[in-house]
Amino acid sequence: MKNHTSLPTFILLGLTDDPPMQVLIFIFLFASYTLSVTGNLTIIILTLVDSRLKTAMYFFLKNFSFLETLFTTVCIPRFLYSLSTGDKTISYNACFSQIFFIFVFAATEFFLLAIMSYDRYVAICKPLHYATIMNTRVCGRLVICCWIAGCLVIFPPASLGLELEFCDSNIIDHFLCDAFPVLKISCSDTWFLEQMVFTVAVFTVIGTFLCVVLSYTYIIKTIIKLPSAQQKIKAFSTCSSHLIVVSITYGSCIFIYVKPSAKDEVAINKGVLVLTTSVAPMLNPFIYSLRNKQVKQAFTDLIKRISLILRKQ
């Protein structure tokens, strides 16, 4: 990033200057971050050690939990440090790195959610061919493609972002480094970069969302044709957790990012982004575990196994 006045750092304003409110925010974010990391790591461990969770659905869930852990870790700990120490400064390199990884992990998540919806489509619409179509090699390649796609869509705007110049202001009206607040304080002509960010957001969010909608259109048609109500409920229950996560993820992201101008007010977006970066990653493990008998059983068995090992010692 170029800087006419050689300012060494950015200053992140955060969410509030009220000390009691800062304490509450710190407690809330620390608790949600701890639960998020613990919950997602638990999902990862369960899918690794339990033989019942070796299907494609749980392979994708494991990778999704890994992404959620990375995403919330890029966003929350730095803000917790700022709240606890009062240090609101962040270097140019750290700020750009945070923006880059936030968008890479978020974009990869969207591609992965689309793949997970396709997995549910195959499981319900083509159950006899599920094991053949969604074999281990195919699943591994699909996840790799998600990562590659996430990096490729972010690379063009990230390259242009390195050329931004900051002349007078280094104050970012946010609790983390995000694209639009940074563009707002740049003295460069940001119109083209804004349009590129908007285009990337539309391509990634809306494009993958259409894939999700298409998959669930076929899923719903197949479920409606099932002869008994019990079969319909069982089929829908395998998709309900994914549908809830999709609704939370896409809804919040469309609200925040799919807009054409960085000059809009960011006050409301800051609140939504707090929920997206802390609450959503915390809820996802509970959504998948509480609505899934196999995950709950695997968790119970793991606790029993750990308890047995501790008793022997």
Please evaluate residues H242 and Y216 with respect to the criterion ring pair (Phe, Tyr, Trp, His ring centres under 6.0 Å), reporting the C-alpha separation (whole Å), side-chain torsions for both, the decisive distance (0.1 Å), and the verdict. CA-CA 11 Å; H242 182 253; Y216 275 100; 5.7 Å; yes
Heavy-atom pair of closest approach, residues L226 and K232: O-CE, 3.0 Å
Please lay out, stage by stage, how Y58 and L46 fare under the test side-chain contact (heavy atoms from CB on, under 4.5 Å). CA-CA 9 Å; Y58 297 109; L46 289 176; over 6 Å; no
Start with the C-alpha gap between V153 and F111, add the side-chain angles, then the distance that decides, and say whether side-chain contact (heavy atoms from CB on, under 4.5 Å) holds. CA-CA 11 Å; V153 297; F111 288 114; 4.2 Å; yes
Nearest-0.5 Å distance that lies between atom CD1 in I115 and atom OG1 in T108: 12.0 Å
Distance-only, no hydrogens or angles: does the T89 side chain make a donor-acceptor pair with backbone N or O of I11 under 3.5 Å? no
In terms of side-chain heavy atoms, does E68 have a donor or acceptor partner in N40 at a distance below 3.5 Å? no
Keeping T190 on the side-chain end and L193 on the backbone end, is there a donor-acceptor pair under 3.5 Å? no
Can the ring centroids of Y250 and F110 be said to lie less than 6.0 angstrom from one another? yes
Joint cluster assignment, I76 & M21, ILVMFWY side-chain distance < 4.5 Å: yes
Once you round to the nearest 0.5 Å, how far does NZ of K304 lie from CD1 of I306? 13.0 Å
Rounded to the nearest 0.5 Å, how far does CG of L80 lie from CZ of F175? 10.0 Å
How about NZ on K126, more than 12 heavy atoms from neighbouring residues, nucleotides or ligands closer than 6.0 Å, or not? no
Per side chain to side chain donor-acceptor pair (under 3.5 Å), Y33 is matched among T73, T277, T38, T72 by T73
To the nearest 0.5 angstrom, please state how far the OG1 atom of T249 sits from the CZ atom of F71. 9.0 Å
How far apart are the closest heavy atoms of L273 and H174, and which atoms are they? CD2-CE1, 3.4 Å
Spell out, as yes or no, whether a donor-acceptor pair under 3.5 Å connects the side chain of T47 to the backbone of I44. yes
Given side chains that start at C-beta, do those of L29 and V274 come closer than 4.5 Å, heavy atoms only? yes
Quick check: are there more than 12 heavy atoms from other residues, nucleotides or ligands sitting under 6.0 Å from CZ of F30? no
Measure from the side-chain N and O atoms of E109 to the backbone N and O of F64, and report whether any donor-acceptor pair falls under 3.5 Å. no
Taking it one step at a time, do V213 and F209 satisfy side-chain contact (heavy atoms from CB on, under 4.5 Å)? CA-CA 6 Å; V213 170; F209 181 70; 3.6 Å; yes
Shortest non-hydrogen contact from A114 toward V212: CA-CG2, 3.9 Å
Exceeds 12 heavy-atom contacts within 6.0 angstrom, atom OH of Y130: yes
Quick one: do L112 and L152 end up in the same hydrophobic cluster if we chain Ile, Leu, Val, Met, Phe, Trp and Tyr together by side-chain heavy atoms under 4.5 Å apart? no
Atom CD1 in I99, atom CG in D178: separation rounded to 0.5 Å? 7.0 Å
So, taking the atom named CG in D173 and the one named NZ in K184, what distance separates them when rounded to the nearest 0.5 Å? 6.0 Å
Tell me, do I102 and L176 make a side-chain contact under 4.5 Å, heavy atoms counted? yes
Is a side-chain donor or acceptor of S188 paired with a backbone partner of L164 at a separation under 3.5 angstrom? no
Is any side-chain heavy atom of V182 less than 4.5 Å from a side-chain heavy atom of I172? yes
Give the ring-plane orientation class for F10 versus F166, where under 30° counts as parallel, over 60° as perpendicular and anything between as tilted. perpendicular
In one Ile/Leu/Val/Met/Phe/Trp/Tyr side-chain cluster, 4.5 Å: F66, V49: yes
Would you say F79 and L12 make side-chain contact, with heavy atoms under 4.5 Å? no
Any donor and acceptor pair, going by atom type alone, linking the side chain of T208 with main-chain N or O of V205 inside 3.5 Å? yes
Is the backbone N or O of C177 less than 3.5 Å from a side-chain atom of Q98, with the two atoms forming a donor-acceptor pair by type? yes
Residues E194 and L183: closest non-hydrogen pair is CG-CD1, 3.7 Å
Where is the tightest heavy-atom contact between C139 and A56, given as atom of each residue plus distance? SG-CB, 3.4 Å
Where do S278 and S32 come nearest, in terms of heavy atoms and distance? CB-OG, 3.5 Å
Using the rule that two of Ile, Leu, Val, Met, Phe, Trp, Tyr join whenever any of their side-chain heavy atoms come within less than 4.5 Å, decide whether F286 and L243 are in one cluster. yes
Would K62 count as a cation-pi partner of F59, with NZ or CZ less than 6.0 Å from the six-membered ring centre and within 45° of the ring normal? no
Min side-chain heavy-atom separation V279-F28 under 4.5 Å: yes
When you look at L142 and M134, which way does the side-chain contact (heavy atoms from CB on, under 4.5 Å) test go after all the steps? CA-CA 10 Å; L142 287 173; M134 304 303 291; 4.0 Å; yes
Contact check, side chains of I27 and V23, non-hydrogen atoms, under 4.5 Å: yes
Side-chain heavy atoms nearer than 4.5 Å, only ILVMFWY residues, links allowed to pass through others: does that put F203 and L214 together? yes
Is the backbone N or O of L48 less than 3.5 Å from a side-chain atom of K54, with the two atoms forming a donor-acceptor pair by type? yes
Quick check: do F101 and L70 have side-chain heavy atoms less than 4.5 Å from each other? no
Would you say that Y218 contacts I124 through its side chain, given a criterion of any heavy-atom pair below 4.5 Å between the two side chains? no
Exactly one candidate in I45, D50, T42, I43 meets side chain to side chain contact (heavy atoms under 4.5 Å, CB included) with F299; the answer is T42
